[in-house]
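Below you'll find the structure, written out as structure tokens, and then a few comments.
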Amino acid sequence: MYSRRDFGKIVLAAVPLSAALAKINSKVGGVQLGVQTYSFRDFPHDGAIDAVIKAMTDIGLGECELYSSPVEPAGAADGPRGKQNDPARQQARDDLRKWRLSPAAIDQCKTVHKKFDDAGITIHSFNYSFKDDFTNEEIERSFDMAKALGAKVITASTTLPVAQRVAPFAEKHKLVVAMHGHSNLADPNEFAKPESFAKAMAMSKYFKINLDIGHFFAAGYDPVEFIQSHHEHITNLHIKDRKKNQGDNVPWGQGDTPIKAVLVLLKEKKYPIPAFIEYEYKGTGTSPQEVKKCFEYCKAALA
């Protein structure tokens, strides 16, 4: 974790926007590499966007899937910890919904987009996970926010019943929503099995797949075979290393996930699928240091 003082130094050291004159190129061997900015979740909320840009610039990553939390008000995503019916938690949830539906949300997204754009970083996708308690207005607002961010895809950890509610809005806005999978095989409404992705894509031509190769492998499936069979429906990958049979997230190279085989497949087949690092294991360094290690791993795999 970062102290407020250390984090302040990071933000103050951010590359001046005027100094970034060209797009950062993080394509290796024809494979677009980037990061899911959830990887930097240990950054304090205040100044997080600037710190993420600084980290990506230092590492040399030019594309990302933008996690919604730093874009939205501090502490609002889930509300205070506690029971679901806790008044403070409910108030925080109501405040978040009100903010999302206000002009301030779109203004914030436009500001964030400009910061990334000025730094030479592309926001490929906006990670906004639809939950059961989302109103229809809140669901639709995600499309406006994604457009203001310049994202061409919304990625979502959600369920099949909620996806059914999202489908009409994807059709209306003609914007792709890519379902993110985990490894929960017990709940038929969760995205984990290949069949769950197929059910979602049957709901709308704008529904695609955001394949997390670590979760997919830990659930017992082969990401290499799946990508070969369904590459035209995959918007982007999350790259991480997990042990097989629902094993833990581990430092890259210590798990069983076929990271190298996946990256080589993208390279050899020339699939236009971005591969985004998602740092989830418990590392010994800071999140930028660990993401840099992951980036170096990818580059070595593609050499």
Side-chain angles (χ1 to χ4, degrees), residues 32 34 36-38 63-69 71-72 77 93 96-97 99-103 105-106 108-110 112-113 116 122-182 184 187-212 215-216 226-227 229-238 271-276 278:
Q32 178 63 59
Q36 214 294 4
T37 64
Y38 175 74
E63 192 156 309
C64 72
E65 176 184 322
L66 184 62
Y67 183 51
S68 63
S69 183
V71 178
E72 298 185 318
R93 182 67 187 87
L96 174 58
R97 181 177 293 114
W99 181 87
R100 283 172 172 164
L101 300 180
S102 73
I106 302 303
Q108 167 71 346
C109 289
K110 289 178 178 177
V112 170
H113 180 201
F116 276 88
T122 298
I123 298 175
H124 168 275
S125 40
F126 178 44
N127 180 213
Y128 183 98
S129 295
F130 307 102
K131 296 188 171 81
D132 291 339
D133 69 346
F134 276 40
T135 63
N136 286 343
E137 291 78 13
E138 223 171 347
I139 289 173
E140 181 158 27
R141 193 57 156 175
S142 70
F143 293 88
D144 298 325
M145 292 171 72
K147 290 173 185 177
L149 286 164
K152 56 186 178 183
V153 175
I154 295 171
T155 60
S157 294
T158 189
T159 62
L160 282 163
V162 177
Q164 188 71 65
R165 294 178 54 211
V166 175
F169 298 106
E171 296 283 340
K172 175 181 176 181
H173 288 271
K174 296 179 171 55
L175 190 66
V176 169
V177 178
M179 304 304 167
H180 176 269
H182 290 277
N184 181 0
D187 187 343
N189 288 322
E190 287 280 339
F191 286 93
K193 301 178 180 180
E195 294 82 1
S196 59
F197 292 115
K199 287 178 181 177
M201 289 191 292
M203 296 176 188
S204 170
K205 65 182 179 182
Y206 292 101
F207 279 1
K208 302 295 182 183
I209 301 166
N210 166 214
L211 188 70
D212 185 308
H215 294 328
F216 196 70
F226 188 80
I227 294 167
S229 301
H230 302 281
H231 59 90
E232 71 274 17
H233 300 301
I234 298 172
T235 60
N236 59 299
L237 304 178
H238 287 181
Y271 294 146
I273 303 172
F276 292 155
E278 187 170 26

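Since the model is a prediction, treat every value here as computed from it, not as a measurement. Only heavy atoms go into these numbers, but all of them, side chains included; no hydrogens, no water, no symmetry mates.
The closest donor-acceptor contact from the side chain of Arg141 to the backbone of Ser102 lies under 3.5 Å. Of the possible polar contacts, one joining the Arg165 side chain to the Phe134 backbone as a donor-acceptor pair under 3.5 Å is found. Side-chain atoms of Ser157 do not come within 3.5 Å of backbone N or O of Ser129 as any donor-acceptor pair.
Across Ser125 and Phe276, no two heavy atoms sit closer than the pair OG-CE1, 4.1 Å. Considering every non-hydrogen atom in both Asp212 and Gly181, the closest pair reads CB-O, 3.8 Å. Nearest heavy-atom pair across Ala170 and Tyr206 is O-CD1, 3.7 Å. Across every non-hydrogen atom of Thr37 and Cys64, the tightest pair is CG2-CB, 3.9 Å. Between Ile273 and His231, the shortest heavy-atom contact is CD1-O, 3.7 Å. Residue Met203 comes nearest to Ala163 through the heavy atom pair SD-C, 3.9 Å, listed as atom of the first residue, atom of the second, then distance.
Ring-plane geometry between His180 and His238 is classed as tilted, the angle between the planes lying from 30 to 60 degrees on a 0 to 90 degree scale. Under the 30°/60° scheme for interplanar angles, the aromatic rings of His230 and Phe226 are found to be tilted.
A donor atom on one side chain and an acceptor atom on the other are not found under 3.5 Å apart for Gln32 and His124. In this model, no donor atom of one side chain and acceptor atom of the other lie less than 3.5 Å apart for Ser68 and Asn127.
One finds a salt bridge joining Glu138 and Arg93 here, because a Lys/Arg side-chain nitrogen approaches an Asp/Glu carboxylate oxygen to under 4.0 Å.
Rounding to the nearest 0.5 Å gives a distance of 10.5 Å between SG of Cys109 and CZ of Arg100. Rounding to the nearest 0.5 Å gives a distance of 10.0 Å between CG of Leu101 and CD of Glu140. Note that NZ of Lys174 and NZ of Lys205 are 7.0 Å apart. Values are rounded to the nearest 0.5 Å. The NE2 atom of His113 sits 11.0 Å away from the CG atom of Leu66 when rounded to the nearest 0.5 Å. Between Ile209 atom CD1 and Phe216 atom CZ the span is 8.0 Å, to the nearest 0.5 Å. Rounded to the nearest 0.5 angstrom, Glu65 CD and Asn210 CG are separated by 5.0 Å.
A 4.5 Å side-chain heavy-atom check between Thr158 and Val177 finds every atom pair outside the cut-off.
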Criterion side chain to side chain contact (heavy atoms under 4.5 Å, CB included) on Tyr128 and Val71, from CA distance to verdict: CA-CA 10 Å; Tyr128 183 98; Val71 178; over 6 Å; no

Is there a side chain to side chain contact (heavy atoms under 4.5 Å, CB included) between His215 and Asn184? Walk through the geometry before answering. CA-CA 9 Å; His215 294 328; Asn184 181 0; over 6 Å; no

Please test Glu278 against Tyr67 for side chain to side chain contact (heavy atoms under 4.5 Å, CB included), starting from the C-alpha separation and ending with a verdict. CA-CA 11 Å; Glu278 187 170 26; Tyr67 183 51; over 6 Å; no

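Under the ring pair (Phe, Tyr, Trp, His ring centres under 6.0 Å) criterion, Phe197 pairs with Phe191, not counting sequence neighbours.
When each of Gln164, Met179, Lys131, Glu190 is checked for a side chain to side chain contact (heavy atoms under 4.5 Å, CB included) with Thr159, only Glu190 meets the rule.
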For residues 142-154, please give each side-chain donor-acceptor pair under 3.5 Å, one per line with the distance, not counting sequence neighbours.
residue: Ser142; atom: OG; partner: Ile139; partner atom: O; Å: 2.7
residue: Lys147; atom: NZ; partner: His173; partner atom: ND1; Å: 2.9

